[in-house]
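Note sheet for the following structure.
All chains are named by letter (A, B, ...) in the order of the sequence lines, taking the proteins before the strands, and each is independently numbered beginning at 1. Keep in mind that this is a model prediction, so the values were computed, not measured.
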Number of protein chains: 2
Amino acid sequence: MNVMTAARSPLAPDAPPRPGLRERKKIKTREAIRGATYALVGEQGYDSTTIEQIAERAEVSPSTVFRYFPTKEDIVITDEYDEPLLAELAARPADEPWTDSVRYVIRKAVRLAMTEQPEITELRARLMLEVPAVRARMRETLTGIGRTLADAIAGRTGLDPDGLEVRVHAMSLIGGLLEATMYWAEHGHREDYADLADRAIDVIEHGLPAAKS
Amino acid sequence: MNVMTAARSPLAPDAPPRPGLRERKKIKTREAIRGATYALVGEQGYDSTTIEQIAERAEVSPSTVFRYFPTKEDIVITDEYDEPLLAELAARPADEPWTDSVRYVIRKAVRLAMTEQPEITELRARLMLEVPAVRARMRETLTGIGRTLADAIAGRTGLDPDGLEVRVHAMSLIGGLLEATMYWAEHGHREDYADLADRAIDVIEHGLPAAKS
DNA sequence: GCATGAAATGAGAGTAACTCTCAAAAGATG
DNA sequence: CATCTTTTGAGAGTTACTCTCATTTCATGC
């Protein structure tokens, strides 16, 4: 579940200077809240699950829930993977075509998510499809990722990251990938999401394929 | 072409059977609510404007406001132009490249909006930029338009409207156009929005331009 | 260990956007 | 004008979220 598998090293003196009890507790409550939410949403659905119920099952007060997550949707959407993955995108070799970098990172993300917590990944996609508020929040965070993407594109192509063209291109890719996600959820997660994402990127890169006959 | 050109015919028994007092009143309330909202938002900002204030200034009850608009954001976003414009898109000649159709309709929409009610158009774009909830709602409605667009694309190209490629392409165009709108608002509406939209469509059609040297 | 300071928590009150219900008012219709 | 239908207003209820303040819980120097 956790990104850092090397957390247990007993004699690593400098790099991770040990968490400290406070930090550890915070991580635990965070996970308790998320866990409670996923469980309740699975049982009753998203809308019927109230913050109060979540707080109760996570054994914290409602106030605390809002201290950890700004909105109810964030509890469901947030993810520990996002940041390291974005870092990885930035760290890809500069001469690699950036669409390939995106493909690489997406494949990695999908592999990670679908092996570590497949149910939650699918539940999340389903919520995105069915609950407008969740969908909206997801789009908003994706927009943020789009800005990072625009920077990456600009860095690789030498174009202005704040220029209209780069921004439009980045956001169109985001829009396309999100649609691929919806498609995936709509079809019951039957196809490999990484493949769908690949096809989506193809469309962005090369336009629509020719119609059959 | 225009929806209401034949409205005044005194002896047309079937097609438009005359508005009726009830309908006229409904339109008036609708406009009263919208007008009150725009005024109040202009004075105090979006977040500080409550439904109660809107209701009071529009001289209706809060209940009525919610009967006319499902959410507060919808009051600001909704528009009488959307439907006829979409109809016009569908009515464009079938042999016209569909991107040209989109360009045409957008140009027309911009011309209409910027001559009939420029302040409101700019206010709306600014709200979209500044108020997350408005932005979210706008994206949601644009997604709906994206579906219509996907149908149009499929009709012109012979591809499957429910296939991944067409859907991704349509949504990427939507995403790109929305980013162009944000760009427009961010830059103080100084550039011609129709031109920005054109450039955005260019990016979707042909990809990024080459970097200068 | 223990005192002191800082951070996290819980409790409670408050706001505002919605939702639902039901009775009164107003337009349509014969 | 009487009746039927649609629209409206009033009011109560829900829930996500905000703010404040007192209490608890951890960290730190002695």
> Given that B:R22 and A:F66 both sit by DNA chain D, which one's nearest nucleotide is further toward the 5' end?
Replying inline: B:R22
> D:dT7 phosphate, OP1 or OP2: any side-chain N/O from B:Y68 under 4.0 angstrom?
Replying inline: no
>> Taking the minimum atom-to-atom distance to the side chain of B:V60, which one of D:dG9, D:dC17, D:dC26 wins?
In response: D:dG9
>> Whole angstroms only, please: what is the NZ-P distance between A:K28 and C:dA8?
In response: 17 Å
>> Pick the closest DNA chain C nucleotide for B:E23 and for B:T49 by heavy atoms, then say which residue is nearer the 5' end.
In response: B:T49
>> Of the options D:dC26, D:dT8, C:dA11, whose atoms approach the side-chain atoms of A:K25 most closely?
In response: D:dC26
> Between atom CZ in A:R67 and atom P in C:dG10, what is the gap in whole Å?
Replying inline: 8 Å
>> Using the side-chain heavy atoms of A:I51, tell me which of these nucleotides is nearest: D:dA16, D:dT7, C:dA11.
In response: D:dA16
> Is the shortest side-chain N to carboxylate O distance from B:D151 to B:R156 below 4.0 Å?
Replying inline: no
>> Can you measure A:I33 atom CD1 to C:dT9 atom C1' for me and round it to whole angstrom units?
In response: 11 Å
>> Measure CD1/A:I54 against P/D:dC17 and give the value in whole Å, please.
In response: 10 Å
>> Can you see if the side chain of B:K26 gets near the phosphate of D:dT7 - specifically, an N or O under 4.0 Å from OP1 or OP2?
In response: yes
> Atom CD of A:E56 and atom P of C:dA11: how far apart are they, to the nearest Å?
Replying inline: 12 Å
>> Heavy atoms only, 4.0 Å cut-off, all strands: where does B:P70 land among base, sugar-phosphate and nothing?
In response: sugar-phosphate
>> Any non-hydrogen side-chain atom of B:S172 less than 4.5 Å from a side-chain atom of A:V203?
In response: no
>> Students often get this wrong, so: under 4.0 angstrom with heavy atoms, is A:S48 touching a base, only sugar-phosphate, or nothing?
In response: nothing
> Rounded to whole angstrom units, what separation is found between the CZ atom of A:R30 and the C1' atom of C:dA8?
Replying inline: 15 Å
> With respect to the side chain of B:T50, which nucleotide from D:dG9, C:dA17, C:dT9 is positioned closest?
Replying inline: C:dA17
>> Rounding to an integer number of Å, can you tell me how far B:F69 CZ sits from C:dA17 P?
In response: 15 Å
>> Is the distance between the ring centroids of B:Y183 and B:H187 under 6.0 Å?
In response: yes
> Below 4.0 angstrom, N of the basic side chain to O of the carboxylate: do A:R111 and A:E116 qualify?
Replying inline: no
> Is B:R147 salt-bridged to B:D162, cutoff N-O under 4.0 Å?
Replying inline: no
> Any idea which of C:dT9, C:dA11, C:dC18 is nearest the A:S63 side chain?
Replying inline: C:dA11
> What's the CG-P distance between A:D47 and D:dT14, to the nearest Å?
Replying inline: 17 Å
